[in-house]
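Everything below concerns the one structure shown next.
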Amino acid sequence: MARYTPAEIERKWQDAWEADATFRACHDPARPKYYVLEMFPYPSGRIHMGHVRNYTMGDVVARFKSSCGFSVLHPMGWDAFGMPAENAAMERGGHPKDWTYGNIADMRAQMKPLGLSIDWSREFATCDPDYYGQQQAMFLDMLAAGLVYRKNATVNWDPVDMTVLANEQVIEGKGWRSGAPVERRDLTQWFFRISDFADELLEALDGLENWPEKVKLMQRNWIGKSRGLQMAFSTVDAPEGFDRIEVYTTRPDTLMGASFLGISPDHPLARALERHRPDVAEFCAECRRMGTSEEELEKAEKRGFDTGLKVRHPFDTAWELPVYIANFILMDYGTGAIFGCPAHDQRDLDFARKYGLPVTDTFVALDGGEPVGDVAFVPPKTEPVRWVRAFAWDEVATGEQAVDAAIRFCEENGVGHGVTKFRLRDWGLSRQRYWGCPIPVVHCPDCGVVPEAKENLPIELPYDEDGTPIDFSIPGNPLDRHPTWRNCTCPKCGQAARRETDTMDTFVDSSWYYARFTAPHAATPTDLAEAEYWMNVDQYIGGIEHAILHLLYSRFFARAMQITGHLPEKAREPFDALFTQGMVTHEIYQTRDAAGRPVYHLPEDVEGGKLKATGEAVEIIPSAKMSKSKKNVVDPVNIIESFGADTARWFVLSDSPPERDVEWTSAGAEAAHRHLGRVWRIANGIAEEMDQGGGIAAYESEGEGAAPGGEDDLTLRRALHKTIHDVTMGIESFGFNSSVAKLYAFTNTLAKSAASLPARREAAMVMAQLMAPMTPHLAEDIWAMLGGQGLIARAPWPKPDPALLVEDTVTLPIQINGKRRSEIAVPRDMDAAEVEKLVLADDAVRKALDGGAPKKLIVVPGRIVNVVV
RNA sequence: GCCCGAGUGGCGGAAUGGUAGACGCAGGGGAUUCAAAAUCCUCCGCCGCAAGGCGUGCGAGUUCGACUCUCGCCUCGGGCACCA
């Protein structure tokens, strides 16, 4: 008996698609286009189930839209720059370039058997000089347009390895390799002026109707627009040039509860003091012995240092407040100085209690009104409170009203002015690393910082040094110590100059790849005609972990590209719809090296809690996001080899709602495979019946005009059209798991159906079409064996017949006091009065009423009845 | 610490404010088979012999009716600007 053989049919149909160029994106002005994009992968060397899930979802959308008549663009590329390549070179030798391109070849080979409807002719990697050369050209245009500038910024510095560390490389305040306490260090770096766009990036979120609310909310909070008061406190006995300290506050209404002034350790006053005061210098140095991440600063114990300086309260010059240097105040936000109001801010309160500073209530709750103890009173700004130290508003007012009044009062009295500030900072793009896009500028002794000439692009990364491969075992930036690469001539004056040795943040690479896919081989960054046709991305799909940075940077970049003429106006917001898929999680296996640092292991290297190679026991850390660095990734190649790509695809779609996390298990894979085998056998059985009945030709004349079948045929057709409707709705709303469930249910219906052969043939063919976006190879095979014309991939999507979707009778559940107790079958359109009569005649209802009348009787037509007794 | 999510049977999960547990996994029973595999049929939230009662993380609230809406907690996950 014939069997389902995925290994054979998957190869067969992939070859057929290849020969047909089915997935080649066609710039066809006559058809509407649809651009579906999944976030491109980092080429770690192996695909994992997260990739399979991500790309299968995109593939379902791409194939579905294609069947619906759209000209689809569905490309794939590689986010190929970044630290792991350099780390690999350090750990295992070799070159980042060879490692990366080797990984890309491996991953492409693992991905192709999935049968994704990708136009591979558009593939590129961000580390291709052709790509990053165009990126350099855009950088120069953005520099000319004033979108890029240089300023000082703080980095994590490893004093032993003499190298800059990423936040990820700082573990508990120490360098991951050296173990040395990390220091903060200032470097001159390049920045994109994203904060100039803060307001626009915020406002435009409202127009992104097909983005998840939570992502927009996260971006709103990240941009952090606030209205507040900027004002100065005058100082007493401060050093020269510091007779005033500017502070920014969002709660000027609490000014009468001020208790101290806090300044950042990086504030100019702190820096001035530390020059002459060893005690200040020591405290500031200690503050700087910490990483740069906000998380680390916020989690650190809140500490302050009393400078001994005082400031005068603006409303009462006799009232003096102490000035503290505090480790939790960021120089990057506001003015780097705050006033503390302990009664209405928990952090200020903790600080005040710790250093014995006064706590003064400025308002109390309407009911009660006990003074603040160890919990600050911080009601929502919209809640009315009773003010005990108001200075320009009513005794009872909300925080909002008080803030507005306070700003007005301060402005009228010459104490500062209302300002709007954003939390969003400019985007620092300089990285002191090798494996990234070189920043195309030159440092000339006479001309200073000079943009490289466009004709010299791309500025390529050097592969070796003096004929020998670059040695990555030495910490630090190989470009910086390369013997010749830095040497160049000034594009302006022609004399000897030095090349910039910093490379770009890899977020730059991923901020415009979607645009490059529309014309991947163009001699300019984009081709405006192609961008005009293909942009925007109609459906973008990726992980929630990119909700803020990648997506915000991309939104900024689209604007910057438009300003510099690389994208049309309509691409200002590049992603029309966003879907954030959940992550695939897995256990983490960890051992420790001699120095006690964690070493992670791939699941396939672990068996029964021990390393296969050495037998060493591993520590099992509970399921977490699959990540390259933790090595808790599962290799889907094994699944594809034993069950086929369709099984892998069907399984990742079936088990969990797409936006939710899923823990990968092997248990369901066999079930998925069993089901696909069953579907194939049902179709094959129908094909064999057809053969016995005279072959396909005998059924070709059937169809619309054919004699109506019996009751069984009608029942099957009703179920089929309901399934068409449900599966289509599922795909359109990203409810792939629901679509899969409906297809399971319909398979059962079809298997048990006593309908005529033509009806079952039709049902099997339509079912194949409905399955085609998910299990495309199986669908093609069934389509072919049942006599379908051409490729199912090119067949139009089936439409449900509305007449077959409505049922004549419905079952109404009867609730008594909200609990289901009975049910009645009634004609679909029976009026409520008739229904009521039937309900009151129902045994369960009569029993519950016990002869009395119901208190209330609610009839929701066609849905439910509730009797309140 | 701050911002954003998620919690439903043994497990993954379904459910425009309207029958909680669709569909699948695991498990039980049966058919077929010399036997097994494969396949097919069937049962399956918890307590209870039953009648019935209890059930969507916990506690309140709104409603004729709450997994769904509101408020307060708990737990887990994501992000926090140099991981990608």
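Letters A, B, ... mirror the listed sequences (proteins, then strands); counts begin at 1. The figures that follow rest on heavy atoms only: side chains count, while hydrogens, waters and symmetry mates do not.
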**Study point:** Nearest-angstrom distance from the residue atom CG of A:Asn327 to P of B:G1
**Key:** 16 Å
Check your understanding: For A:Trp222, what residues pass the ring pair (Phe, Tyr, Trp, His ring centres under 6.0 Å) criterion, not counting sequence neighbours?
Key -> none
Review point. If only side-chain N and O atoms of A:Asn87 are considered, is one of them under 4.0 Å from the OP1 or OP2 phosphate oxygen of B:C83?
Key: no
Check your understanding: Quick one: which of B:A81, B:C82, B:G79 gets closest to the side chain of A:Glu545?
Key -> B:G79
**Study point:** Nearest-angstrom distance, P atom, B:G57 to B:G7
**Key:** 8 Å
Practice item. For A:His51, check ring pair (Phe, Tyr, Trp, His ring centres under 6.0 Å) against everything at least two apart and list the hits. Key: A:His48, A:Tyr55
Review point. Quick one: is A:Asn167 getting a side-chain N or O under 4.0 Å of the B:C80 phosphate, OP1 or OP2?
Key: no
Report each atom pair, protein N/O against N/O of nucleotides 71-75 of chain B, whose distance is under 3.5 angstrom.
none

Review point. Looking only at side-chain N and O atoms, does A:Arg431 come under 4.0 Å of OP1 or OP2 in B:C82?
Key: yes
Check your understanding: Whole Å only: how far is the CG atom of A:Leu330 from the P atom of B:C3?
Key -> 15 Å
Study note, to complete from the structure: Counting primed atoms, P, OP1 and OP2 as sugar-phosphate and everything else as base, the B/S/- map of nucleotides 14-19 of chain B against protein heavy atoms under 4.0 Å is S-B-BB
Review point. What is the nucleic acid contact for A:Val170, judged by heavy atoms within less than 4.0 Å: base, sugar-phosphate only, or nothing?
Key: nothing
Check your understanding: Separation of A:Glu168 atom CD from B:A81 atom C1', in whole Å?
Key -> 14 Å
Revision key, fill the gap. Closest to the side chain of A:Leu549, out of B:C41, B:U39, B:C80, is B:C80
Exercise for review: Give the nucleotide from the list B:A84, B:C80, B:A22 with an atom nearest to the side chain of A:Asp79.
Suggested key: B:A84
**Study point:** Interatomic distance where CG belongs to A:Leu217 and C1' belongs to B:C3 [whole Å]
**Key:** 8 Å
Review point. Looking at A:Arg220, does any N or O in its side chain come under 4.0 Å of the phosphate oxygens OP1/OP2 on B:C4?
Key: no
Check your understanding: What is the distance, rounded to the nearest whole Å, between atom CZ of A:Arg821 and atom C1' of B:C54?
Key -> 12 Å
Practice item. Determine the Euclidean distance between corresponding C1' atoms of B:C44 and B:C11; express it in Å to zero decimal places. Key: 14 Å
Check your understanding: What would the secondary structure line of RNA chain B be in dot-bracket form, counting Watson-Crick and G-U wobble pairs under 3.5 Å, with [ ] for pairs that cross earlier ones and | for pairs with another strand?
Key -> (((((((..(((.....[....))).(((((.......))))).(((....)))..(((((..]....))))))))))))....
Review point. In whole angstrom, what separates A:Gln219's CD from B:A81's C1'?
Key: 13 Å
Study note, to complete from the structure: In terms of heavy-atom contacts, A:Asn103 and A:Pro43 come closest through ND2-O, 3.0 Å
Check your understanding: What is the distance, rounded to the nearest whole Å, between atom CG of A:Asp348 and atom C1' of B:G1?
Key -> 14 Å
Exercise for review: Assign B:G9 to syn or anti; the rule is syn for a glycosidic angle within 90° of 0 and anti otherwise.
Suggested key: syn
Point to revise | Phosphate OP1/OP2 of B:G1: any A:Lys299 side-chain N/O under 4.0 Å | key: no
**Study point:** Between B:G5 and B:C49 - C1' atom distance, rounded Å
**Key:** 46 Å
Output a table of nitrogen or oxygen pairs between the protein and nucleotides 25-27 of chain B separated by less than 3.5 Å.
residue	atom	partner	partner atom	Å
B:C25	OP1	A:Arg674	NH2	3.2

Check your understanding: By ring pair (Phe, Tyr, Trp, His ring centres under 6.0 Å), which residues pair with A:Tyr514, not counting sequence neighbours?
Key -> A:Phe575
Check your understanding: Between A:Phe81 (CZ) and B:A84 (C1'), how many Å, whole number?
Key -> 14 Å
Point to revise | Any pair counted as salt bridge (charged side-chain N to carboxylate O under 4.0 Å, His left out), so long as it reaches residues 853-869 of chain A, sequence neighbours left out | key: none
Review point. Residues two or more places apart in sequence or in another chain: which of them pass side chain to side chain donor-acceptor pair (under 3.5 Å) with A:Arg150?
Key: none
**Study point:** Partner set under side chain to side chain donor-acceptor pair (under 3.5 Å) for A:Glu823, not counting sequence neighbours
**Key:** A:Arg820
Check your understanding: A:Tyr434: what forms a ring pair (Phe, Tyr, Trp, His ring centres under 6.0 Å) with it, not counting sequence neighbours?
Key -> A:His95, A:Phe472
Point to revise | side-chain contact (heavy atoms from CB on, under 4.5 Å) partners of A:Ser739, counting only residues at least two apart | key: A:Val727, A:Ile731, A:Met774
